[in-house]
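What's counted below: heavy atoms across the whole structure, side chains too, no hydrogens, waters or symmetry copies.
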Amino acid sequence: MSHDGAQGGRYAGGSVANGRYQLRDLLGEGGMASVYLAYDSALDRQVAIKTLHTELGREASFRERFRREAQAVAKLSHTNIVSVFDTGEDTLDGGLMPYIVMEYVEGQPLGSVLAADVRQYGAMPADKALKVTADVLAALEVSHEMGLVHRDIKPGNVMMTKRGVVKVMDFGIARAMQSGVTSMTQTGMVVGTPQYLSPEQALGRAVDARSDLYSVGIMLFQLLTGRLPFDADSPLAIAYAHVQEEPVAPSSVNRSVTPAMDALVARALRKNPNERFPSAAAMRDECLRVLSAGQSAAPVIVAGGPVNSGSGVGSAVFPPVGQTPPPHPSAQVQQPYPAHTPQPGPYGPPTPAPAPNPAYGYPQQAPTPAPGYPTPQPAAYTPAHTPAPAAAPRRNMPVIVGAVLVALIAVGGVIVALNMKDDGDGGTTGATGTGGATAGGQVQTEGPGHKGPDLSKTIETKECTEPRESSDDPEKFEVPDFTYKNLTSVKDCLHAAGWKIKKQTPVDENTYGEDTILTQYPPAGTDIKAEDAEFTLEISTGNPPK
């Protein structure tokens, strides 16, 4: 299957599923798939068929994961969700091509609807934007209740029928792509569209339902302003902006946006998932509350209004050949994401106020890791908070962003990960963290800002000796969650089960405290066999980043 749109339509006129589905017109094409209008000869109806590019079908493990995800999505039934009817695979050009058969929606993508509103009004009228967003959240509420996180919410994955009904599509594809069973994800690759990635996605961390809410917040900002809050010339620069930069208020671009709408978007775009809306239902309720206030007016767009972007780090990430990237004028090492002082907000409970240029981390609770989701080495990021004139939105083609490469945007900062060898029984040999402490509890020095171990964060040994069995393979079990637990407790758990620590990496941070497990690989929830139970851990030294 070609990625070239000019060639992608060459399968029109062909068929899949032994001739049942006859491919007719090419409706659209992206980086991962092509969508065709097709005819279902068995049920005499029009359907839409998404054919994944053949390189995605080369691995049997991916095809199996994709099949299971499609089955789960097929169970979703809601007015605002595009129905999935069937899934399978066929051979084209000598390669296996997975496909899914979906409800055919007569309408247009939300991006096209927005473009028309931008031409007419400068942005989408606020009442319409809030209604669309509420309908998208209604779809997510259903999927999240079933444990399905979309991971790629954007206008291109939202359709509007001729009658104005919102339909969300492509549930499950990103999850299948991000599973640890394919070689594409072995190095920490993240699937999604850069402009809509949550900070945790950009960092390659585990995601949950609140990641979708961040993406919805980005989309709402775009609907209200006709612009993206973060955009730049490279995916890495955009990812950096999601992690490090604070978005401007939509009202700075569209003067008709009310303070309540600004607050709604601001809460959805918190860097820390714990500070966003707790659920799609809660965010939808707020959208409807703001909508019912009836304060919306025609958009009043500020020409060249301030919109941040990651372009300020473009020259640092990709300097001209032979040149050393100059330090950014605001270069400084950030502390992990601070706990904010609650301020009165419009939502009932206090809403945390943003701190300028916070480094990204989780000081409160750890999100539940997603199966097969590798985590890159964390870095101390150098902020580049450079407001730039808004650029015209570009085509948001789905891309694969290497989360390991995201660390490269820390040019001018300090990468504080040192590899450590493990002697097989959990002890370390030879490597010492930059803060003067060896991960594993042997503290050599305690400098200013050092935070000692939290011995209350423990894991019971039965989590390892009696792990939850895999629902798909009786010979496998689900990996326990070691994150944010004390290293001694984790070692006791591992040793009780006869499992090993393959590698330990010390990381300078003083939010969680010395010997706290920050990340693990394989991630929690991954299905593995007992002989594969070897773990790579990142462990806090308790020292502040250098």
Side-chain angles (χ1 to χ4, degrees), residues 76 78-81 110 114 124 126-155 157-158 160 166-168 171 192 195-201 207-225 228-230 242 246-247 249-251 257-296 340 342-354 362 364-365 367-368:
L76 296 176
H78 191 271
T79 303
N80 299 121
I81 296 177
L110 179 60
L114 173 61
M124 183 176 286
D127 54 349
K128 182 178 178 181
L130 290 168
K131 178 64 169 63
V132 168
T133 302
D135 287 347
V136 170
L137 290 166
L140 291 176
E141 182 180 356
V142 172
S143 71
H144 292 168
E145 286 176 354
M146 294 187 62
L148 286 174
V149 180
H150 192 289
R151 291 175 170 79
D152 196 20
I153 289 292
K154 59 183 178 181
N157 280 336
V158 178
M160 288 194 69
V166 171
K167 296 275 189 178
V168 182
F171 284 92
Q195 287 85 350
Y196 303 89
L197 286 181
S198 66
E200 55 268 35
Q201 280 180 294
V207 303
D208 58 20
R210 296 167 299 181
S211 177
D212 280 348
L213 303 188
Y214 181 93
S215 300
V216 172
I218 294 287
M219 190 174 70
L220 178 56
F221 184 105
Q222 186 180 12
L223 297 180
L224 291 172
T225 65
L228 288 160
F230 304 118
H242 284 297
E246 288 298 321
S251 61
V257 171
T258 66
M261 297 174 197
D262 277 343
L264 168 60
V265 172
R267 185 172 181 184
L269 297 186
R270 294 281 189 247
K271 306 298 185 188
N272 187 336
N274 298 308
E275 296 174 358
R276 298 174 200 151
F277 292 93
S279 66
M283 186 173 176
R284 180 174 182 269
D285 288 344
E286 182 59 20
C287 284
L288 295 177
R289 187 191 72 80
V290 175
L291 179 62
S292 66
Q295 298 175 349
S296 60
H340 302 317
Q343 302 293 333
Y347 304 104
T351 300
Y362 301 135
Q364 299 167 24
Q365 66 184 45
T368 303

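Each salt bridge (Lys or Arg N to Asp or Glu O under 4.0 Å) pair with one or both residues in residues 132-145, not counting sequence neighbours, appears once here: K131-D135.
Distance check: L76 CG to F171 CZ gives 6.0 Å after rounding to the nearest 0.5 Å. Taking NE2 of H150 as the reference point, atom CG of L213 lies at 13.0 Å (rounded to 0.5 Å). Note: L224 CG to M219 CE = 10.5 Å, rounded to the nearest 0.5 Å. Rounded to the nearest 0.5 angstrom, S215 OG and L269 CG are separated by 9.5 Å. Between atom CZ of residue R151 and atom OG of residue S198 there is a gap of 9.5 Å, rounded to the nearest 0.5 Å.
A donor-acceptor distance shorter than 3.5 angstrom exists from the side chain of K167 to the backbone of T79, with no hydrogens or angles considered. Side chain of D262 to backbone of S251: a donor-acceptor contact under 3.5 angstrom is found. A distance-only check finds no donor-acceptor pair linking the side chain of D152 to the backbone of N157 [under 3.5 Å]. Between the side chain of R276 and the backbone N or O of R270 there is at least one donor-acceptor pair closer than 3.5 Å. With hydrogens and angles disregarded, no donor-acceptor distance shorter than 3.5 Å links the side chain of K154 to the backbone of L197. Listed for the N80 side chain is a donor-acceptor partner under 3.5 Å among the backbone atoms of V166.
Each of T258, V257, L264, L223 was checked for a side-chain contact (heavy atoms from CB on, under 4.5 Å) with P250, and the lone residue meeting it is V257.
Among all heavy-atom pairs drawn from C287 and L137, the shortest one is SG-CD1, 3.9 Å. The nearest pair of heavy atoms linking V149 to D208 is CG1-O, 3.6 Å. In terms of heavy atoms, F221 sits closest to P229 at CD2-CD, 3.4 Å. Of all heavy-atom pairs spanning E200 and R210, the tightest one is OE2-C, 4.4 Å.
Looking only at side-chain heavy atoms (C-beta outward), L130 and M261 come within less than 4.5 Å of each other. By the 4.5 Å heavy-atom criterion applied to side chains, Q195 and I218 are not counted as neighbours. In this structure the side chain of H242 reaches within 4.5 angstrom of the side chain of Y214, judged on heavy atoms.
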task = Dump the intermediate steps for side-chain contact (heavy atoms from CB on, under 4.5 Å) on L140 and M283, then the final yes or no.
result = CA-CA 11 Å; L140 291 176; M283 186 173 176; over 6 Å; no
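Side chain to side chain, Y196 and Q222 meet the donor-acceptor criterion of an N or O pair below 3.5 Å.
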